[in-house]
Amino acid sequence: MREDVEALDIRDVTANWVNAAVLGRQIDDRIKALADLSDTPLFFGRLDYLHAPGEDRAEGASGEQFYIGRRHVHDADGDPMVIDWRAPVSQPFYRASKKDPMDIGLRRRFGYTGGDLTAYEDERLSDPAEAATTSKLLQREIERPRVGPMRDIVATIQPEQDEIVRSGLGGTVCVQGGPGTGKTAVGLHRVAYLLYAHRERLARTGTLVIGPNKSFLHYIEQVLPALGELSVQQATVDDLVAQVEVRGTDEAPAAVIKGDARMAEVLRRALYSYVTLPTEPVVVVRGSRRWRVPAYELEELVRQLLDREIRYGAAREALPQRIAHAVLVQMERAGEAPDDRVQDAVARNSAVKAAVKAIWPVVDPAKLVLRLLTEPEFLAEHAAGILDEDERKTILWARPVRGVKSAKWSAADAVLIDEATDLIQRTHSLGHVVLDEAQDLSPMQYRAVGRRCTTGSATVLGDLAQGTTPWATRSWDEALAHLGKQEGVIEELTAGFRVPTDVITYASRLLPHIAPGLTPVASVRENPGFFEVRAVEGTDEIVAACEELLGNEGSTGLIAADARIPALAEALTAAGIGFLAPGEETTRETRLTLVPASLAKGLEYDYVVLDEPRAVVDGEPDERTGLRRLYVALTRAVSGLLVTHTAPLPGQLAESVHVL
């Protein structure tokens, strides 16, 4: 298939060089999408239908057989050999069961090692004599060691995951999922499915995946290309709002207030305070005639625009046309017959332009935010009844600044500027946005993301128990409201496929303290996993623990409180053990990653050494946030977890723990 595309000759089929360039780029993208993937088979399953799909299920009718794979594959004659996993005919591979066989006589799963077929496993779903069994191949694939970036899960998608993946483009879906429930994979595969089912529409409107940090994005960046989807953009929230250089940081109390949704109204008030109701008429001179628009009529035009609640910039662009129209009405009354060209000329008249500048001036969003943060009187005027005096003092900058470029903007300030920008000029909306690790966003950050999908839909992914910011999400209903997607459906994934049973059971001891009422994850893995809590005396024993786990197949992560990273890095270097930073791709030679606890979210390793839980908790501004950070760190392991500590364990963990 790839060679056929490479052999295309477009020299005589394009009208001009522009068409040739566009078509050439499309062909290049198609070639990239058809690239071979090492160790990745073209198909992983087979479905034997009792009857041909869509045809009458009459007695004696013959069925059809389909191979299911990551991509559609056809033969030299164009006949399908492998069906794309997203096609409707593939759905029973994920949904069919003994209770509801969906007209499937046989479902076959294939096992592979390094791209070679090594096993297969059959389920005769419509045979009442055969009992339902757990797929060993499926279990083995779920528990397979992980080296390198995140991979697709098309061979292991579960029925509850498939329902979310195949939900329609029109609605927003919010997925609450604990560690290892596959919510990130579900979100990415939902994008792949939507691009398959609505390719033309999303090709026009665009899709975007938003992650918490660059390390996370690097970890997931190969999933969609492996499925042949190359057009999806990836970014962090900071990337979206990057209109100014962020060089400063906020104390937690200031960041909480700046991230509060109330700031949107403060910004709106401050922006529209620049509009001044006219007190003088506008006099337009055209040739020997003078046309006068009185102040009261100008005021009515301004009030009409204010009442319409359109964007500040759009209203400012409309005002000269409104004034020009008032002049044209007078011209017509005087017997003239002006046309649209005359109206445009009047709108560009110097007197009209001067009036618009005075009434509805141009406002720079960064300068507007700067005034609010540096001028106490300006902030007090527009935050009256919204922020109290203490809150205003908290967000005011201690020192004056010369201007926008010299200001040390924080990440929260950049979000405020983005809000102000949208009040002036509407933000471009995409067709679909996936927002991962959403529980850490502030209300104002949700609004920033929501602006990118006002005319589209969203997939929101997160875990309330893993919220580690002072402004962490309290409920998904509240989050969807800030996102502007109140109609969104909330789904919950509770089956854990990644974290071993003993590990998730241990970590779940923290749930009553960090997210009361949240359903604990129930691991479906048959292998309980390796788990140990070990008292140590120093870094030498931590290094030894890493060496011990590196003796296993797969990747290893050493997760520690941010403050302890330099000392651990020094100890590993002294011991001659190579290690990577989060987001860097593991190799067969270097399989250890040194991970600050603040960057562990969303990442996973086959084996994890978790250093000093007490230091992880103490590294956060409050105990609940610290315990949530610890919960994240405890649940990064796929096959085994070794907890090392010199200080006593946090009380929430220490109860009934057998320390080795």
Report yes or no: do Asp622 and Thr625 form a side-chain donor-acceptor pair below 3.5 Å? yes
Before you tell me yes or no, could you show the steps for His189 and Ile157 under side-chain contact (heavy atoms from CB on, under 4.5 Å), namely the whole-Å CA-CA distance, both residues' side-chain angles and the distance that decides it to 0.1 Å? CA-CA 9 Å; His189 287 69; Ile157 293 173; 4.1 Å; yes
Would you check if the side chain of Glu570 reaches a backbone N or O of Ala567 as a donor-acceptor pair within less than 3.5 Å? no
Above 12 or not: heavy atoms from other molecules or residues under 6.0 Å from CD of Gln233? no
Roughly how far, to the nearest 0.5 Å, is the CE atom of Met150 from the NE2 atom of His218? 14.0 Å
Apply side-chain contact (heavy atoms from CB on, under 4.5 Å) to residues Val638 and Val499 and explain how you reach the verdict. CA-CA 5 Å; Val638 175; Val499 186; over 6 Å; no
Tell me the closest heavy-atom pair linking Arg564 and Ala560, and the distance in Å. CB-CB, 4.4 Å
Asp418/Arg447 salt bridge by N-O under 4.0 Å criterion: no
Could you go through Leu208 and Ile210, starting from their C-alpha distance and side-chain angles, then the distance that decides it, and tell me whether this counts as side-chain contact (heavy atoms from CB on, under 4.5 Å)? CA-CA 6 Å; Leu208 173 68; Ile210 302 173; 3.8 Å; yes
Could you check whether Glu548 pairs with Arg534 (Lys NZ or Arg NE/NH1/NH2 to Asp/Glu carboxylate O, under 4.0 Å)? yes
Should we say atom CZ of Arg624 is surrounded by more than 12 heavy atoms from elsewhere, each under 6.0 Å from it? no
Result for side chain to side chain donor-acceptor pair (under 3.5 Å) between Thr646 and one of Arg614, Glu537, Glu612 points to Glu612
Please report the closest heavy-atom contact between Leu592 and Gly578, naming both atoms and the distance. CB-O, 3.9 Å
Side chains of Gln176 and Trp476: is there a donor and an acceptor less than 3.5 Å apart? yes
How long is the span from the CD1 atom in Ile542 to the CG atom in Asp611, to the nearest 0.5 Å? 4.0 Å
Between Ser135 and Glu121, is there a side-chain donor-acceptor contact under 3.5 Å, judged purely by atom types and distance? yes
Do Thr556 and Arg591 have side-chain atoms, one donor and one acceptor, less than 3.5 Å apart? no
Run the numbers on Asp28 and Lys32 for salt bridge (Lys or Arg N to Asp or Glu O under 4.0 Å), then give the verdict. CA-CA 6 Å; Asp28 288 342; Lys32 290 177 185 175; over 6 Å; no
Any chance you could lay out the side chain to side chain donor-acceptor pair (under 3.5 Å) test for Thr113 and Asp116, step after step, and finish with the verdict? CA-CA 5 Å; Thr113 302; Asp116 295 327; over 6 Å; no
Tell me whether Arg86 is salt-bridged to Glu229, with the criterion being a basic N under 4.0 Å from an acidic carboxylate O. yes
With a 3.5 Å cut-off and no angle check, do the side chains of Glu541 and Thr644 form a donor-acceptor pair? no
Between Tyr112, Tyr120, Phe93, which is the residue that forms a ring-ring contact (aromatic ring centres under 6.0 Å, His included) with Phe44? Phe93
For Tyr446 and Glu478, which I'm curious about, is there any donor-acceptor pair between the side chains at under 3.5 Å? no
Answer whether the closest heavy-atom distance between the side chains of Thr459 and Thr172 falls below 4.5 Å. no
Donor-acceptor pair, Arg2 side chain versus Leu34 backbone, under 3.5 Å? yes
Pair Asp122, Arg107 - check salt bridge (Lys or Arg N to Asp or Glu O under 4.0 Å), show working. CA-CA 6 Å; Asp122 289 344; Arg107 172 168 57 197; over 6 Å; no
Enter the distance from Lys601:NZ to Asp436:CG here, rounded to the nearest 0.5 Å. 10.5 Å
Can you confirm whether or not the ring centre of Phe43 sits under 6.0 Å from the ring centre of Phe110? yes
Report the C-alpha distance between Val82 and Ile68 in whole Å, list the side-chain angles of each, state the deciding distance to 0.1 Å, and finish with yes or no for side-chain contact (heavy atoms from CB on, under 4.5 Å). CA-CA 6 Å; Val82 179; Ile68 312 299; 5.9 Å; no
Go through the steps to decide whether Arg636 and Glu604 satisfy the test salt bridge (Lys or Arg N to Asp or Glu O under 4.0 Å), and finish with yes or no. CA-CA 5 Å; Arg636 299 305 95 199; Glu604 59 183 28; over 6 Å; no
Could you grab the distance from atom CD of Glu547 to atom CG of Leu550, nearest 0.5 Å is fine? 7.5 Å
Compute whether any side-chain donor of one residue and acceptor of the other, for Ser167 and Tyr193, lie under 3.5 angstrom apart. no
Mutual orientation of the aromatic rings belonging to Phe531 and Tyr506 [parallel < 30°, tilted 30-60°, perpendicular > 60°]: tilted
For the pair Arg109 and Glu141, find out whether any cationic side-chain nitrogen is under 4.0 Å from an anionic carboxylate oxygen. no
Are Asp260 and Met444 packed together at the side-chain level, in the sense that at least one heavy-atom pair is separated by less than 4.5 angstrom? no
Short side-chain donor-acceptor distance under 3.5 Å, Thr236 and Asp239: yes
Could you tell me whether the side chains of Glu163 and Gln161 share a donor-acceptor contact shorter than 3.5 Å? no
